[in-house]
There are 2 protein chains.
Amino acid sequence: MNRQEAEGRGRALGETVGDEIRRLLVEGELVPGQRLSESALGERLGVSRNTLREAFRSLAHEGLVTHRPNRGVFVTTPSLASIVDIYRVRRFIECQALREALPSHPALQRMREAVEQAGAGRERRDWQAVGSSNMAFHAAIVALADSPRLDAFFHQLSAELRLAFGMLSDLEWLHGPYVALNQRVLEAFESGDAERAAMLLEQYLSQSERTLLAAYARDNPAD
Amino acid sequence: MNRQEAEGRGRALGETVGDEIRRLLVEGELVPGQRLSESALGERLGVSRNTLREAFRSLAHEGLVTHRPNRGVFVTTPSLASIVDIYRVRRFIECQALREALPSHPALQRMREAVEQAGAGRERRDWQAVGSSNMAFHAAIVALADSPRLDAFFHQLSAELRLAFGMLSDLEWLHGPYVALNQRVLEAFESGDAERAAMLLEQYLSQSERTLLAAYARDNPAD
DNA sequence: CGAGTGTGATTGTTCAACAATAGCGCCGTC
DNA sequence: GACGGCGCTATTGTTGAACAATCACACTCG
C-alpha cells in the first residue's frame, strides 16, 4: 500500500522489494539467523505474500537468505566454511585479474578513486564507508578482467561477505589496516609490476581472512 | 552454499518446476527467443501462475531466461558477446584451477571417468552425450579448486553454454574433436606437468570458442 | 500513407482459501 | 520424573480468481 507512491522508477515491484530487503540486510536491520516471516515482512513492506516470495527466490539465489522448506526463509548465517570459501575464490579471481590486466585499463581509475575514498573515510573514522570503499577497490580489480559475468559473481560474493561483516563489532580492526595495503597494491600495479601487485594482494587477502576469522571466532564462540 | 544441506527430505514444487524447465531447455524443447507464456506453460506443467513465476525468478537469475517487464519471459538468446564472455571466464578459471591443483586431488578420478565416457559416446556417435561428458570433464577441472562457490558458478556458465549449443546443428564438429584434446590435457596433468596441462587447456578452449563462434555466425547470419 | 486510437491479450499484484508440514504442549504410561 | 505418542496451531506451499497496468496490433480517420 505504501509502495505505489513509487515515484518514477515504476519497475517490477518484486525487484523493488528485493532491493529493499537487501538494504535492510546490509544496514543490519535484519540479522543473520533471523527468520523472515512471510506475513510479517509482507505487512511491513506493504506487499502480498506472493510478491514477497518472488523476492525471496532472488535473495536465496544470491545466498543472502536461506530457504528451509516448510520452515521459512532465514537470513543466512555465514559459517567459517563459507568465509574460507569466499576468500579462496577472491584470491583465485582477484590475483589473476591483476596479473593479466593491461596497465592502461580504464578500471584503474576506479581503483584510484576507491583508495582515495577509503582514505577519506578513515580520516572521518567512518568504518562503514571504509569497508564500502575497500570492496569498491576490489570490485575494480575484478573489472580488470573485462567480464560482466565475473563482475556479477564478485558482486554476489561481496554481498555475502558484507553479511559476515555485519555480524561483527570492531569494524575498525576489520577495515582500517587495509587502506594502506590497497594503496601499496595500487602503486605496485601502476609501476608496471603486476606480478608484485598480485603477490601483495594475495598477502592482503590472506591477512584479511585471518582477521575476519579471528573476529568471527571471538564473537561466535559456539561455532 | 548450503544447497546440499537441505537436500534429503525437503523439496518444493517451485524448485521441481525449475528443474523441469531446465530439462526442456537443454533438450531443445524450448528454443532461444521463444516466449514462455505464464498461462500456457503453467497449464502444460500443471502448476499455477504464481508457482511458475517463482521458478522463472530462479531461471532468470541463472541467465537461462530473460525477463522483460510487462512483456514476459523469453528463453535467453545467447549473443556473440555472451559466448566470448563465457569462454573468457572459462579460460580464467579452468586454467588456473589446473595450474594450482594438487596432483592427487580426488576430482582427478572424475576427470578420468568423463574422458572415458566421452570416448564411449563418440563411438556411438551420440554427440549429445559427448557434449555432456565434455562439460563433466571441465566441471571436474573446476572442482580441483575445492570451492563450492566456484563449482556453482561454473555450473551456471555451463547451462548458459548448453543453450548456445542447442541453437546449433553440427554437434559432431562442436564436440567430436575435443575428446582427444581432453585426453591430452588429462595425460599432461597426470604426468605431473600442470603447467603444460594448463597451456593445452587454454589452446583447447580458444579453439572451441572459435568453432562455436563460427558455427554461431553461420547459423545466425543476421547477427 | 501515416498517426492517433481502441481493443484484446498478457503480465503484475493482490486476496482468500485450503492442504501439508513442523514445532510444541499435553497427556498418559511406566 | 522421564519418555514417547498424540493432536493442536501457526506457518508455509500452492492454487484459483480477480482486477489494474501495460503492451501489441489492427483499425480508423485525416
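Letters A, B, ... are given to chains in the order of the sequence lines, protein chains preceding strands, and every chain is numbered from 1. All of these numbers come straight from a predicted model, not from anything done at the bench.
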Cation-pi between A:Arg53 and A:Phe56: NZ/CZ under 6.0 Å from ring centre and within 45° of the ring axis? no
Does B:Arg71 have a side-chain nitrogen or oxygen under 4.0 Å from the phosphate oxygens OP1 or OP2 of C:dT10? no
Step by step, work out the salt bridge (charged side-chain N to carboxylate O under 4.0 Å, His left out) result for A:Glu62 and A:Arg22. CA-CA 10 Å; A:Glu62 296 168 25; A:Arg22 260 175 281 259; 2.5 Å; yes
Do B:Arg23 and B:Glu29 sit within salt-bridge range, that is, some charged N less than 4.0 Å from a carboxylate O? no
Does any non-hydrogen side-chain atom of B:Arg57 lie less than 4.5 Å from one of B:Glu54? no
Quick one: label B:Gly46 by what it contacts on the DNA or RNA (base, sugar-phosphate, nothing), any heavy atom closer than 4.0 Å. sugar-phosphate
Is B:Thr51 close enough to D:dT15 that one of its side-chain N or O atoms is under 4.0 Å from OP1 or OP2 there? yes
Check: B:His175 ring centroid to B:Phe165 ring centroid under 6.0 Å: yes
Which angle, rounded to 10°, do you find between the first-five-pair axis and the last-five-pair axis of the helix from C:dC1-D:dG30 to C:dC30-D:dG1? 0°
Looking only at side-chain N and O atoms, does A:Arg210 offer a donor or acceptor that is under 3.5 Å from a partner on A:Gln207? no
Expressed as a whole number of angstroms, how long is the span from A:Asn50:CG to D:dC19:P? 17 Å
For DNA chain C, find the residues of residues 30-38 of chain A with a heavy-atom distance under 4.0 Å and give them by number; none if there aren't any. none
Mind calculating the distance between CZ (A:Arg53) and P (C:dG12) to the nearest angstrom? 18 Å
Without decimals, in angstroms, what is the distance between B:Asn70 CG and C:dA9 P? 18 Å
Atom CG of A:Leu52 to atom P of D:dT11: distance rounded to whole Å? 14 Å
A:Arg90 charged N/C atom sitting above A:Phe154 aromatic ring, 6.0 Å / 45°: no
In whole angstrom, give the distance that lies between atom CD of A:Glu54 and atom P of C:dT13. 7 Å
Rounded to whole Å, how long is the line connecting atom CZ of B:Arg49 with atom P of C:dG12? 8 Å
Among B:Val65, B:Val75, B:Val73, B:Leu45, exactly one meets side-chain contact (heavy atoms from CB on, under 4.5 Å) together with B:Ile21. Which residue is that? B:Leu45
side-chain contact (heavy atoms from CB on, under 4.5 Å) test vs B:Ser133 passes for just one of B:His138, B:Gln117, B:Arg122, B:Glu113, namely B:Gln117
What's the CG-C1' distance between A:Leu45 and C:dT13, to the nearest Å? 15 Å
Whole angstrom is fine here: how far is it from NE2 in A:His67 over to P in C:dA22? 12 Å
